[in-house]
**Student:** 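Submitted below is the structure of interest, expressed as structure tokens.
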Protein chains: 2
Amino acid sequence: MRTKDPAVRSLLLDRAAQMLRTRQPVTLRSLVAGTDVSTMAVYTYFGGMDGLWKALRQEGFTRLAAKLAAVPMSEDPVHDLAALGAAYLSNALEAPDLYRVMFDTGFELEDAAAADESLHSLVHAIERAKAAGRFRGDVDPVALATQSWAIGHGLASLVATGPLPHAALAHVVPVLTALFIGAGDTPDRCRQSVERGWNQNPPA
Amino acid sequence: MRTKDPAVRSLLLDRAAQMLRTRQPVTLRSLVAGTDVSTMAVYTYFGGMDGLWKALRQEGFTRLAAKLAAVPMSEDPVHDLAALGAAYLSNALEAPDLYRVMFDTGFELEDAAAADESLHSLVHAIERAKAAGRFRGDVDPVALATQSWAIGHGLASLVATGPLPHAALAHVVPVLTALFIGAGDTPDRCRQSVERGWNQNPPA
DNA sequence: CGCGTAAGCATAGCAATGTTATGTATTGTG
DNA sequence: CACAATACATAACATTGCTATGCTTACGCG
């Protein structure tokens, strides 16, 4: 028998991601055109176009998780939360079409764990903030992480899909600041931490 | 010559919205099947499927604006802001597919004004909150409205597309509360206003 | 080392999609 | 009442994703 060549799978995924980036329609035939593989490759490696989209979604979540994991942690957990937010928005806006695919319904995500994975880095930073006395002891880390995520996703989505201009991303700073102050942080200190975390690596 | 019958246009739009709600694929032929009009109707009234999607988007924004306009205003502007948020999320979640179409890129919105229209009710309530001394004088109403919108959209989008469960909508209460406290409102009073505004008409 | 077989892979054909072309019917207008 | 412009129906067309059919390849076992 014959074994699958993982290089072909990566080739198709990368090419699909690139076509997404350059805003060319990703169609079965246009995807394999220019390569030495034929349309059947999509079926042997992904089972069809739906499988390709699902794989692309997972690819998006994987890249996001990698970006978040690459953010260096400091001794200031609130600073780190803002830095994670900046990384999240950077990732979303440097490949808006991929970000949109990530949250496209209709393709059940075989991942499910990937989204939680990304949330976990937020949860961990929030737990550190509690341990450091920055946040009150009664804050629910998962709830606060979910709320932060919703804020970042809301802005990323509105910018990626058009209604808001690129510059609107900066709105995340005052909103996160208000949220973290509500969680117990000292206002002045919170403002400083969030702003430094954001400015350390703001979206282009 | 012959004049267009506006009833046909409404029929197609309503039928498309209904098919969206029942999660049937909205295709040119399936749309006109079962009616007495033929495929050409879509072209005479919308210029093609793209035109139909654009019209559906506008329909979504129009319905949203109507729902927001129907929210009764009280003497408590912070209460009203929460009520507007509840109406926004109710509207989004009672027709999630239409909501998703509203923020689908690829179809430039001939509306543009419609989105701003919805924002305006928020801006107005924020201005009333400033006038009532609930918010500081230096808050930018448009900026604060945009931030509130991003919060609502983020939660609505994450729930509508799957990652978060229905119950996660309640997260909007603590986040809006923190945001409004950050805008200058008194913590206890803010909490009461937001909770009452939310509970007055919470999403099903 | 070699062969058989299971799986990758290419070609071609199929159903369904959106669109356009062409002719007909209808209805507002002078 | 006649003209003409426009809605409308039918049908053909290009492109989409998918499947059927062979053929080729290379892994595994004797």
Side-chain angles (χ1 to χ4, degrees), chain A residues 1-59 97-98 100-101 104-110, chain B residues 1-59 97-98 100-101 104-110:
Chain A
M1 54 182 169
R2 235 167 128 178
T3 60
K4 302 192 199 199
D5 182 3
V8 175
R9 185 181 209 271
S10 305
L11 170 74
L12 289 177
L13 267 183
D14 286 348
R15 188 172 162 80
Q18 184 201 347
M19 294 179 70
L20 225 58
R21 208 174 306 123
T22 56
R23 310 191 76 79
Q24 305 170 25
V26 179
T27 161
L28 172 64
R29 286 172 169 83
S30 71
L31 179 65
V32 301
T35 74
D36 55 349
V37 304
S38 99
T39 60
M40 277 303 297
V42 175
Y43 287 84
T44 58
Y45 287 95
F46 302 100
M49 285 303 280
D50 278 26
L52 180 95
W53 289 113
K54 292 209 311 193
L56 260 183
R57 280 183 46 146
Q58 190 150 17
E59 175 79 8
D97 302 86
L98 184 57
R100 231 174 297 123
V101 171
D104 244 5
T105 180
F107 311 105
E108 299 90 27
L109 45 153
E110 58 196 274
Chain B
M1 57 181 167
R2 237 168 122 179
T3 61
K4 300 190 204 211
D5 182 5
V8 175
R9 187 190 154 94
S10 304
L11 170 75
L12 289 176
L13 266 184
D14 286 348
R15 188 172 163 81
Q18 184 201 348
M19 294 180 71
L20 224 60
R21 207 174 307 121
T22 57
R23 309 190 75 79
Q24 305 170 25
V26 178
T27 164
L28 173 64
R29 285 172 170 80
S30 71
L31 179 65
V32 301
T35 74
D36 55 349
V37 305
S38 99
T39 60
M40 276 304 297
V42 175
Y43 286 84
T44 57
Y45 287 95
F46 301 100
M49 284 304 280
D50 280 26
L52 180 97
W53 290 113
K54 292 209 310 196
L56 260 182
R57 280 183 47 147
Q58 190 150 16
E59 175 79 7
D97 302 85
L98 184 58
R100 229 175 297 120
V101 170
D104 244 5
T105 179
F107 311 105
E108 301 91 26
L109 44 154
E110 59 196 274

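Proteins get letters first, then strands, A, B, ... in listed order; numbering begins at 1 in each.
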**Student:** Contact between Phe46(A) and Lys54(A) at the side-chain level, heavy atoms closer than 4.5 Å - yes or no?
**Tutor:** no
**Student:** dT17(C) P sits how many Å from Trp53(B) CH2, rounded?
**Tutor:** 13 Å
**Student:** So, OP1 or OP2 of dC8(D): does either fall under 4.0 Å of a side-chain N or O from Tyr45(B)?
**Tutor:**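 Yes, because at least one side-chain N or O of Tyr45(B) sits under 4.0 Å from OP1 or OP2 of dC8(D).
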**Student:** Any donor-acceptor pair under 3.5 Å linking the side chain of Thr39(A) with the backbone of Leu28(A)?
**Tutor:** no
**Student:** Which nucleotide in the list dA6(C), dC18(D), dT29(C) gets nearest to the side chain of Met49(A)?
**Tutor:**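 Between dA6(C), dC18(D), dT29(C), the one nearest the side chain of Met49(A) would be dC18(D).
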**Student:** Taking only the side-chain heavy atoms of Leu28(A) (C-beta and beyond), determine which of dT29(C), dG17(D), dT10(D) contains the nearest atom.
**Tutor:** dG17(D)
**Student:** Quick one: are Trp53(B) and Asp104(B) in side-chain contact, heavy atoms under 4.5 Å?
**Tutor:** no
**Student:** Please give, in whole Å, the distance from dA16(C) P to Leu31(B) CG?
**Tutor:**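 It works out to 17 Å between those atoms.
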**Student:** Tell me: CG of Leu52(A) to P of dC18(D), nearest whole Å?
**Tutor:** 10 Å
**Student:** Output the single nucleotide from dA9(D), dT27(C), dG18(C) whose closest atom is nearest the side chain of Arg2(B).
**Tutor:**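 Selected nucleotide: dT27(C).
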**Student:** Kindly say whether Val32(A) contributes a backbone atom to a donor-acceptor pair with the side chain of Arg15(A) at under 3.5 angstrom?
**Tutor:** no
**Student:** Are any of Thr44(B)'s side-chain N or O atoms less than 4.0 Å away from OP1 or OP2 of dA7(D)?
**Tutor:**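 No, no such contact exists.
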**Student:** Of the nucleotides dG28(C), dC9(C), dT19(C), which has the atom closest to the Met40(A) side chain?
**Tutor:**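 Ranking dG28(C), dC9(C), dT19(C) by closest atom to the Met40(A) side chain puts dC9(C) first.
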**Student:** Please tell me if Tyr43(A) has a side-chain N or O lying less than 4.0 Å from either OP1 or OP2 of dT19(D).
**Tutor:** no
**Student:** From C-beta outward on Arg29(B), which listed nucleotide comes closest to its side chain: dT11(C), dC27(D), dC13(D)?
**Tutor:**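 For Arg29(B), the side-chain atoms sit closest to dC13(D).
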**Student:** Return the value, rounded to whole Å, for the distance between atom CZ of Phe46(A) and atom P of dC9(C).
**Tutor:** 12 Å
**Student:** Between dA7(C), dT17(C), dG28(C), spot the one nearest the side chain of Thr27(B), thanks.
**Tutor:** dT17(C)
**Student:** Counting any heavy atom closer than 4.0 Å, what does Val37(B) reach on the DNA or RNA strands: base, sugar-phosphate only, or nothing?
**Tutor:**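 Sugar-phosphate contact only.
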